[in-house]
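Bear in mind the structure is a predicted one, so any value in this text is a computation, not a measurement. Quick note: residue numbers are just sequence positions, from 1.
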Amino acid sequence: SSTGENMAVGNANGSFYLYYDNSQKLATTSTGIDVTGAISSFGGGLQRSTFETVGNDLVLTSNSDASNVSPNIIFKSSTAGGAVAERMRINSAGKVGIGTTSPEVKLHINTSSAGALVDALKLDNASGATGTEVGMVFENGLDRMARISAEHTGSDLGPLKFWTAGTIDTLTERPRIDSAGNVGIG
């Protein structure tokens, strides 16, 4: 082989190799296809998508050289025997939509079950032991401002606790609703 050679090699065992500039870029094996480098897909116009490994990271990229195009990364799947449908997207503004094609905030979860209560988000601390607590924190970019949490206390299976910051980054529990519906303040 000389420098800069491009070639395809087929073997008797059915394997196939593709070389570009004397470097193997694609190989078929008994278990699949091995690719060296990025996999790129060019759509109509100036749109391009890539799928590559960078260090230990899997990188999916959707970009466009056109100023009037805002590419999205879209994930689709189907149920057994069902039609393929969009499940999640990341739009060009970095907003994630689950159940919506038009996310309006950083994480937009939409369900469509009219007339029914639907759990659209689950927060879980899988331990299940007494004293286990799970919640969410509200920050302003620098300091914790508030928290809502639920705790497994043993006798009370789920007080819902509300916390606010009395001083910078120090949260204090304020009202609590116990499993019987009683509200405790202070």
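- Taking CZ from Phe162 and CD1 from Ile185, the interatomic distance works out to 11.0 Å, rounded to the nearest 0.5 Å.
- Sequence neighbours left out, the pairs with a member in residues 82-93 that pass side chain to side chain donor-acceptor pair (under 3.5 Å) are Ser77-Arg87, Glu86-Arg89.
- Between the side chains of Ser15 and Asn13, at least one donor N or O lies within less than 3.5 Å of an accepting N or O.
- Placement of Leu171 and Ile168 in two distinct hydrophobic clusters is found when ILVMFWY residues are connected by side-chain heavy-atom separations under 4.5 Å, directly or transitively.
- Ile33 CD1 to Leu26 CG: the interatomic distance, rounded to the nearest 0.5 Å, is 6.0 Å.
- In this structure, Lys76 places its NZ atom where only 12 or fewer heavy-atom neighbours from other residues, nucleotides or ligands lie under 6.0 Å away.
- The shortest distance between side-chain heavy atoms of Glu173 and Glu151 does not fall below 4.5 Å.
- Under a cut-off of 6.0 angstrom, the local environment of CG in Leu123 is crowded, with over 12 non-hydrogen atoms contributed by other residues, nucleotides or ligands.
- Rounding to the nearest 0.5 Å places CE of Met7 at 10.0 Å from CG of Leu18.
- Here the OG1-OH distance, from Thr36 to Tyr19, works out to 10.0 Å after rounding to the nearest 0.5 Å.
- Thr132 is not listed as a side-chain neighbour of Val134, based on a closest heavy-atom distance of 4.5 Å or more.
- With sequence neighbours left out, the side chain to side chain donor-acceptor pair (under 3.5 Å) criterion links Asp119 to no other residue.
- Annotation: side chain to side chain donor-acceptor pair (under 3.5 Å) contacts of Thr164 (sequence neighbours excluded): Arg174.
- Considering only heavy atoms from C-beta on, Phe75 comes within 4.5 Å of Leu60 through its side chain.
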Quick one: side chains of residues 136-149, donor-acceptor pairs under 3.5 Å with protein atoms, not counting sequence neighbours, listed by atom name and distance.
residue	atom	partner	partner atom	Å
Asn140	OD1	Leu142	N	3.0
Asn140	OD1	Asp143	N	2.9
Arg144	NE	Asp169	OD1	3.3
Arg144	NH2	Asp169	O	3.1
Ser149	OG	Glu133	OE2	2.6
Ser149	OG	Trp163	NE1	3.1

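- Contact of the Tyr17 side chain with the Asn11 side chain is registered, since non-hydrogen atoms from C-beta on lie closer than 4.5 Å.
- Here the CD1-OG1 distance, from Ile73 to Thr61, works out to 6.5 Å after rounding to the nearest 0.5 Å.
- The shortest distance between side-chain heavy atoms of Asn72 and Ile90 does not fall below 4.5 Å.
- Qualifying side chain to side chain donor-acceptor pair (under 3.5 Å) partners for Thr79, counting only residues two or more places apart in sequence or in other chains: none.
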Listing, residues 100-109 side-chain donor-acceptor contacts under 3.5 Å, not counting sequence neighbours, or none:
residue	atom	partner	partner atom	Å
Thr100	OG1	Ser102	N	3.1
His108	ND1	Glu104	N	3.1

